[in-house]
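Below is one structure; the comments refer to it alone.
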Number of protein chains: 2
Amino acid sequence: MKNKITLKELAKLLNVSISTVSKALNDSPEISAKTVERVKELAKLHNYRPNPVAVNLKSSKSGTIGVIIPNISNSFFARVLSGIEAEAQRAGLQVITYISNEKLDREKQICDMLTTGYVDGVLIAVAEETQRKKEFDHLYQLVEYGIPVVLYDRINFDIPADRIGIDDVGTFADVTKGLLAKGIRKIGIATTIHHMGVGKLRIEGYKEALPKNENYYIANSARPESLKEKTEKMLVKDKVEAVICTDFESTMQVYRSAFEHTINIPEDLKVIGFIGKELANFLTPSISYIDQFPEEMGTGAMQLLEARLNNYNKDKSGTERILKTSLVHLESTKF
Amino acid sequence: MKNKITLKELAKLLNVSISTVSKALNDSPEISAKTVERVKELAKLHNYRPNPVAVNLKSSKSGTIGVIIPNISNSFFARVLSGIEAEAQRAGLQVITYISNEKLDREKQICDMLTTGYVDGVLIAVAEETQRKKEFDHLYQLVEYGIPVVLYDRINFDIPADRIGIDDVGTFADVTKGLLAKGIRKIGIATTIHHMGVGKLRIEGYKEALPKNENYYIANSARPESLKEKTEKMLVKDKVEAVICTDFESTMQVYRSAFEHTINIPEDLKVIGFIGKELANFLTPSISYIDQFPEEMGTGAMQLLEARLNNYNKDKSGTERILKTSLVHLESTKF
DNA sequence: TTTATTTTAGCAAACATTTTCTTTAGAATT
DNA sequence: AATTCTAAAGAAAATGTTTGCTAAAATAAA
């Protein structure tokens, strides 16, 4: 079993002091070129790499950042994490992952631990329960301890932190307007997340775009049976010409209801989903979807954090970055 | 801004030595009950928590484990990670996540870094490229450095490490036999991962179960057009009565081809997918699927690692744990 | 009372670094 | 020849813990 060599051991082998070795490896001008070379040669030979834990202790940095994810099964968050990891890798930082499972308690517990010094900064998409109960003390606590926080995706509440997300209202307004522009009048919206922050915003955008004289058609329920009922009413009784969906579950329900009532997509019904591209492309018919560019959100969040880590005091106020979304037309909106 | 209090500061406040404080907090019998109480009280008042970096340096442990994931967009791996995180949390360990993107180079780079001492152990599902090129030196290197390695999901190759996965051959053989038992004779298999380790095993299981006199029907291609062609041949020309799919892409292709050729599922065609339960339940018709219990695989992997961390030398040989899979019948196999 | 024993707490080393401060030796200046 | 200066390297402190050893005080035994 190989064991890592230390400065002390190198020093002994070279018959010089520990500090000389350290300085030589860090190209200090205090050390002669000759010794530097001698030291570096032996260091390379033994594949010396400084013990990160010792370096961390000395520098009182951990070289790691914490990422809090509400729900990793949601491929959106998985892809955000992927972006975060890529950017962290580039910056030489380690990513510690925590999953809150949308629970406030778990989130608190995580934040509490993080104040102990495990990480230099935190990226968080706050849990659903946290938003609902509007309890943000644990996030303030992080800030109190001087740990920079960046909010991603779920950003519509007041906390002194940098943030990155999309314009939910604008996105859904634009999508709705796009359908109107094609001459479609009866547009519905299906959602299972109407009680959540982002859900509300998306519905707001939909409503905002519809002309005053047009009815709203909304199928909203987190309970499957109820959603099914409301969706069927919207499709069969109200006979909407298009449905915009705010999330995975509602998108799938619309597809199922259309199938069961032999409503053809896209001939009889246009559908726009808010799902990932993998799924959108593979469903039959493929679903036109709103791309949120999750990886970009991840790298962007990480970049905001890096900026803070490099000069935390320079700019006190939180910066906000809103990413553009993009409607990708596939089979479900063919005209 | 709050700042963390140290043993030294507590000691000064209490007018005792640092070691007394440390011992008191760790309930050393060397310290009198009176002092212990005094120390603990003040520690609680100041919310003292030992600096994890310093503890790590002293114990030459990092208290973290590394998880290498080939592809996080695959919800299977996302769910495994979820299981790992939950179990790590329970064990008081931090999880550092690395994404290899199925690339050998990235995997090497990660392992190289890990030998420096960032983690106490590693969980890895080896990248596709790594398996194909059969280059495992970087994994041996981890072992060399005394870092316990646990393989998960992709485990069919020879490396001295603990491992956890499913019985791919047995699972697919059982599923095939199940269909045969229902009187179905012409059974096909669709796959886009036939060149990968697990893909081969799954096909092997399928073949193993079929009676000698029965033909194999295999639609295998990683290229979409080619897969489409082969799938259509299987469904339309060969008129198979059932298709077993080894992965997400092939499952979706079978659904699309069936739809386009108005082949009704399950009346004309039974389909069994190898996809996650979220998707399986939400598709129309819902797809009978093979549940791999990803979260269990995650917790199981973590448990194997914990066992190693607690007594690394006790049992030298690698232990293997094979998880049971379960075929969940939904609409696509209704009789 | 003296010696032995036990309790209690402090000292100092150790973990692997980095960095400031000193020392030493040789060269340059007077 | 004496002094100053500079280059190079070492000593030591510091980061925050833990822990083996030592010292002192308190208690018990002789």
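In what follows, chains are A, B, ... by sequence order, proteins preceding strands, each numbered from 1. Only a predicted model underlies this, so the values are computations on that prediction, with no experimental measurement involved.
- Of the candidates B:L25, B:T20, B:I31, B:N26, B:I31 is the only one forming a side-chain contact (heavy atoms from CB on, under 4.5 Å) with B:V36.
- Residue-environment remark: CD (B:E37) stays at or below the threshold of 12 foreign heavy atoms within 6.0 Å.
- C:dG10 atom C1' lies 14 Å from atom CG of B:L7, rounded to whole Å.
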Distances for protein N or O near nucleotides 12-15 of chain C N or O, under 3.5 Å:
from: C:dC15; atom 1: OP2; to: A:K8; atom 2: NZ; distance (Å): 3.0

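- The only member of A:E85, A:Q94, A:Q89 that meets side-chain hydrogen bond (donor to acceptor under 3.5 Å, both in side chains) when paired with B:Y98 is A:Q94.
- Salt-bridge annotation for B:D120 and B:R308: absent, with no side-chain N of the basic residue lying under 4.0 Å from a carboxylate O of the acidic one.
- Using a 4.0 Å heavy-atom criterion, one finds that A:V16 contacts the sugar-phosphate atoms exclusively.
- Of all the residues in residues 22-36 of chain A, A:S22, A:K23, A:N26, A:E30 reach under 4.0 Å from DNA chain C with at least one non-hydrogen atom.
- A donor-acceptor contact shorter than 3.5 Å is absent between the side chain of A:E107 and the backbone of A:S100.
- Between B:E87 and B:R90 a salt bridge is recorded (basic side-chain N to carboxylate O distance below 4.0 Å).
- Chain B approaches DNA chain D within less than 4.0 angstrom (heavy atoms of the protein), and the contacting nucleotides run 5' to 3' from D:dT15 to D:dC21.
- Using modelled atom types, no side-chain atom of B:D112 and backbone atom of B:K108 make a donor-acceptor pair closer than 3.5 Å.
- Residue A:E144 places its CD atom among more than 12 non-hydrogen atoms of other residues, nucleotides or ligands, all under 6.0 Å distant.
- Going from atom CD1 of B:I72 over to atom OG of A:S82 covers 7.5 Å, rounded to the nearest 0.5 Å.
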